[in-house]
Amino acid sequence: MIFFRVFLILIFTTFLVAPTYANSLFDQANEAFSKDNYAEAITLYEQLATEKGHSASLYFNIANSYAQLGENGKAVLNYERALRLAPNNADIIKNFSYFKKETGLFIEEQPTLDKLLNLLTPNQWSLLTLFFLVATSTTVILWKKLSSGSTPRAIATLSIFFTLTTVSSLASAQTYLSTASYVVINDQKLMVSPFKNAESKGLIKGGRTASVGKEYKTYIHIEGETGQQGWVEKKSLEPVIPE
Amino acid sequence: MTHFRIFLTLIVWILATTPCFAKDEPTIIAQLNTNSISVEKAALLTVTVTGSRSPDLIMPQVPGLTFHSRGTSTMINMVNGSFSKSSATKYVVQADQEGTYVIPPIAAEVKGKIYKSEPLSLIVTDNKAKSTGKAVSSDSKRNEIAFIELEIKGDHYVGEQVPVTIRGFFNERYKISLESVPALTGDGVIMAPFSQQPTQGRVRVGNRIYDVVDWKTTLSAIKEGEHKIQISLNAAVYTREQNNSNPFNDPFFDSFFNSNKKTPLEVSSNEIVFNALPLPKDGQPENYTGAIGDFSIHLEADPIIVDIGEPITITTTVTGKGSFDSVHAPVFVENKDWKTYKPSNLDVEQQDRNTKKIFQQVIIPRVDGIEEVPPITFSYFNPETKAYETSKSMPVAIHVKKSKTVENPTKTIVENKPEQNNQLKTESKVTKKKLYTNLVPQHLETGVFHSKIEPVFERTWFIVLVVICFLLILFFSTYHIYNHFKDTNPEKELKRKQKRLLDQNFPELDKLCENKQTDDFTNLAKDTVQQFYSIELNLPPQAITATTLEFNKLNNTVAKTILESADKIAFSGERPGPKQMEDWLKRLKEELTK
């Protein structure tokens with residue numbers, strides 16, 4: 001019995017202490033940021049991320065710190081991570097757009113269809129689809145109980161909504177999955193082949209997102225968001241979704 | 001009707017979702033524009049991959065052949081409602097020496113799978129006379145229709161961007177359409193893409209009038225030596241074809257009955273020698289990074305009043321004419337007074353005839369009392385003067401104050417070394433001035449922590465829930481449809497009605513029989529029989545008599561007996577005894593519930 005009580009107390013204490021520790025570290029980092037000590041702020045934020053996991057606000061703060069340090073690549077990387085967790089967060093969108101504009105990074109003009117898709121985030125589309133799927137299945141299950149002239153009409157309407165949201169969900173998921181998933185950390189030479197002395201095809205700016213292709217030793221073939229292609233060193237890229 | 005609606009809904013559903021899963025198998029096709037070239041010419045290799053817009057091409061290594069990538073174009077097609085995507089990557093293929101080459105299958109990686117093209121063969125000849133003979137536009141008839149003029153004066157240096165005007169002359173008497181833009185053939189020289197629309201005019205050459213189209217571009221040698229180059233483009237000449245089908249035999253009607261014939265025409269310039277000289281070694285400055293042209297440099301710094309250890313952003317602008325690809329950032333070199341970071345490219349701007357390339361570099365003063373950011377120099381090779389020149393910016397006046405907070409400014413926070421992947425080092429409490437003042441402030445709450453960055457649609461619970469919902473819909477739809485079919489069967493409906501009738505009347509008959517209420521029993525038994533058979537025969541109950549049953553071959557003896565006895569009771573007063581009632585009821589139950 002005593003053992004059980006000690007166990008309960010330990011569990012309870014853990015739940016109490018864990019958020020306090022996280023908040024304390026977060027506050028310390030914010031304080032360092034407010035004193036323009038961005039490097040220290042980043043160290044504390046990243047320590048928190050390593051220990052507690054991923055949070056949109058945490059990545060947002062890290063991105064702002066890197067932006068103030070002039071580390072464009074790292075700033076973009078962390079804004080992208082924050083957006084993956086909270087795609088509709090107005091603060092993240094505002095700072096990321098402003099930062100891209102200020103640093104001359106590529107801002108893609110979205111086609112109308114994409115604008116429509118972006119009315120909701122991929123997660124919201126998925127949940128909406130799930131809602132209509134559950135609603136349709138519930139109506140089908142309770143057919144007998146609901147038995148009235150309007151039941152088939154209700155099912156038809158729900159099915160149409162479900163179909164529309166499913167199509168939007170799939171398109172949104174496809175866009176999410178095909179979005180460039182790596183960020184170039186520093187300005188890099190794009191090379192025609194994966195060798196040290198290979199001919200350069202031009203520069204890719206630090207902070208540009210890229211999708212990766214085949215690999216050769218320490219080199220990887222990338223396609224930047226502006227369509228530039230070439231080989232760069234693997235270590236010059238970082239994945240948006242941490243491994 | 002309800003069933004039809006459900007069926008229609010399911011069909012719409014399936015049709016709407018099916019195309020999302022349709023997928024074509026990718027294919028790869030490699031094609032050469034010619035199977036035979038001379039050593040100093042190039043062939044165009046096009047690799048088309050259908051089913052993917054960004055395949056990873058794995059180009060084979062062929063000793064003696066060089067593949068120069070000329071970019072990728074992508075396309076989306078819609079055929080019969082299904083979408084397909086494709087990409088075409090172009091390579092210029094050049095050979096070092098004559099011979100027959102086999103280009104092995106070109107592989108493309110699409111979504112993790114490897115697809116291969118067919119192998120190609122390319123014959124390379126060393127027949128210079130033959131190749132140059134074709135290129136020289138000595139055909140007088142062709143020259144009369146169209147020709148290209150290109151003039152390159154003097155010698156040029158490797159990497160120098162030589163502005164040229166390609167002039168296409170097209171005889172105004174011919175109806176000519178352009179099928180392509182001018183293309184360069186030849187080794188060792190590359191032509192920049194046309195960034196401007198061509199200009200048009202009209203000139204007289206001899207006694208002919210030509211429409212002239214001018215394309216402005218630049219040529220640049222990629223290796224030294226004498227390179228033979230030629231400019232050509234594809235056009236088509238439309239000539240009127242005489243047609244004997246004019247039934248009126250009058251020239252007035254010729255335009256109605258004659259047709260235009262399109263004849264392909266290759267318009268080429270004379271072969272020109274582009275002499276590319278190597279850059280001189282003598283007098284090359286130490287900080288020369290390969291820029292060729294005529295440039296000037298301008299320096300700005302912000303802020304200009306700082307504490308020790310506070311960063312200053314210097315913006316260096318290189319303006320001028322020349323090859324900006326080879327213009328790299330002029331570097332402010334670190335010294336005892338200044339800590340510096342790696343410069344970065346900020347922007348490239350085009351202004352009239354000049355181009356502007358802007359770089360930024362962060363520098364940090366290490367000592368107080370510094371009064372200026374020293375001038376920055378930029379060296380380049382000027383092909384006009386044929387000498388290396390160095391442009392020097394003006395110094396920028398600044399004021400560096402002693403910092404109250406910084407103890408040791410030489411210990412910095414960020415070591416901006418790309419080789420070390422920009423690892424942050426927190427060695428001191430040096431602060432850095434805000435680069436951006438309009439950012440939304442930091443969040444004060446951490447928010448929810450997630451163990452993984454994963455979208456909802458990839459999470460297990462979501463997938464399981466979707467599958468369960470689909471299975472439930474499938475199961476219950478099938479169940480309801482089955483029941484619906486079962487319930488709407490007319491024969492079963494009649495049986496159900498009859499069963500309801502018997503369930504209602506038999507307990508009543510049992511009671512009457514028990515209480516020996518003969519008249520009531522006989523009447524209810526008669527009603528039961530009449531109603532039972534009226535359902536089956538679709539007749540009014542009054543019409544059911546013993547004769548009706550006999551006529552319809554319903555040989556239910558007890559039913560007939562009951563009907564006859566009921567009539568007898570009405571007319572003669574003869575009543576059945578208790579045993580007979582019990583017997584009738586027993587037989588009636590047996591026969592009607594069969």
Side-chain angles (χ1 to χ4, degrees), chain A residues 22-23 26 30 33 35-40 42-43 52-58 60-61 64 67-71 81 84-85 91 94-95 98 102 104 122-123 126-127 130 133-134 136-137 140-141 143 152 155-156 159 163 166-167 170 173 176 185-187 203 205 213-214 221 223 235 241, chain B residues 2 5-6 8-10 12-13 16-17 20 54 56 58 69 72 109 313 325 341-342 344-347 362 413-414 418 421-422 424-426 429-436 438-440 442-453 455-457 462 465-466 469-470 472-473 476-477 480:
Chain A
N23 287 338
F26 196 65
N30 279 351
F33 182 92
K35 290 177 181 168
D36 297 344
N37 197 346
Y38 307 119
E40 190 185 331
I42 289 167
T43 312
K52 305 298 291 180
H54 314 284
S55 133
S57 293
L58 188 57
F60 171 75
N61 287 7
N64 289 345
Q68 296 295 13
L69 267 183
E71 298 247 354
R81 284 177 179 171
R84 295 282 167 123
L85 288 163
D91 288 353
K94 191 176 174 191
N95 274 12
Y98 168 74
E102 288 295 307
N123 282 358
S126 304
L127 292 174
L130 189 64
L133 185 60
V134 170
T136 312
S137 51
V140 170
I141 292 166
W143 182 295
I155 288 184
S159 300
T163 307
T166 303
V167 171
L170 289 170
Y176 178 93
I185 298 302
N186 295 305
D187 291 356
L203 273 176
K205 214 170 169 176
K214 51 187 179 271
H221 192 266
E223 180 174 355
K235 63 186 179 188
I241 295 171
Chain B
T2 315
R5 280 183 191 171
I6 299 165
L8 202 65
T9 308
L10 286 171
V12 168
W13 194 358
T17 50
C20 303
S54 53
D56 292 327
I58 302 159
S69 173
T72 304
E109 189 179 337
T313 304
D325 285 345
Y341 295 102
K342 191 187 162 201
S344 61
N345 291 4
L346 194 67
D347 206 359
V362 174
I413 306 164
V414 181
N421 208 14
N422 280 2
L424 284 168
K425 296 179 181 175
T426 52
K429 297 286 177 188
V430 175
T431 58
K432 195 173 192 292
K433 203 183 172 188
K434 273 189 169 69
L435 285 176
Y436 305 98
N438 290 335
L439 288 175
V440 175
Q442 298 294 84
H443 284 179
L444 301 175
E445 299 288 333
T446 54
V448 184
F449 282 101
H450 303 270
S451 57
K452 273 198 273 183
I453 300 179
V456 164
F457 59 81
F462 180 84
L465 211 56
V466 168
C469 284
F470 268 111
L472 283 175
I473 290 175
F476 280 95
S477 299
H480 290 317

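By convention in this document, chain letters (A, B, ...) are assigned in the order of the sequence lines, proteins followed by strands, and residues within each chain are numbered from 1. Just so you know, these numbers use all the heavy atoms, side chains as well, and skip hydrogens, waters and symmetry mates.
Applying the side chain to side chain contact (heavy atoms under 4.5 Å, CB included) test to A/Ser126 and every residue at least two apart in sequence or in another chain returns B/Val456, B/Phe457, B/Phe462. With sequence neighbours excluded, the residues satisfying side chain to side chain donor-acceptor pair (under 3.5 Å) with A/His54 are A/Tyr59.
Each of A/Leu58, A/Val140, A/Asn61 has some count of heavy-atom pairs under 4.5 Å with chain B, and the biggest count is that of A/Asn61. Contact count against chain A (heavy-atom pairs under 4.5 Å) is highest for B/Asn438 among B/Leu472, B/Asn438, B/Val448, B/Leu465. Heavy-atom pairs under 4.5 Å with chain B peak, among A/Ile141, A/Val134, A/Leu203, A/Ile241, at A/Ile141. Top candidate by heavy-atom pairs under 4.5 Å with chain A, chosen from B/Gln442, B/Lys452, B/His450, B/Glu445, is B/Gln442.
In terms of modelled atom types and a separation under 3.5 Å, the side chain of A/Asn95 and the main chain of B/Val440 share a donor-acceptor contact.
Within the 4.5 angstrom heavy-atom criterion, atoms from both the backbone and the side chain of B/Thr446 approach chain A. For A/Lys214, the parts sitting under 4.5 Å from any heavy atom of chain B are the backbone and the side chain alike. The parts of A/Asp91 that come within reach of chain B are both its backbone and its side chain, each placing non-hydrogen atoms under 4.5 angstrom from that chain.
Donor-acceptor pairing under 3.5 Å is lacking for the side chains of A/Gln68 and A/Asp36.
Atom CZ of B/Phe476 and atom OG1 of A/Thr136 lie 14.5 Å apart (nearest 0.5 Å).
When all heavy atoms of B/Tyr436 and A/Glu102 are compared, the closest pair comes out as CE2-CB, 3.6 Å.
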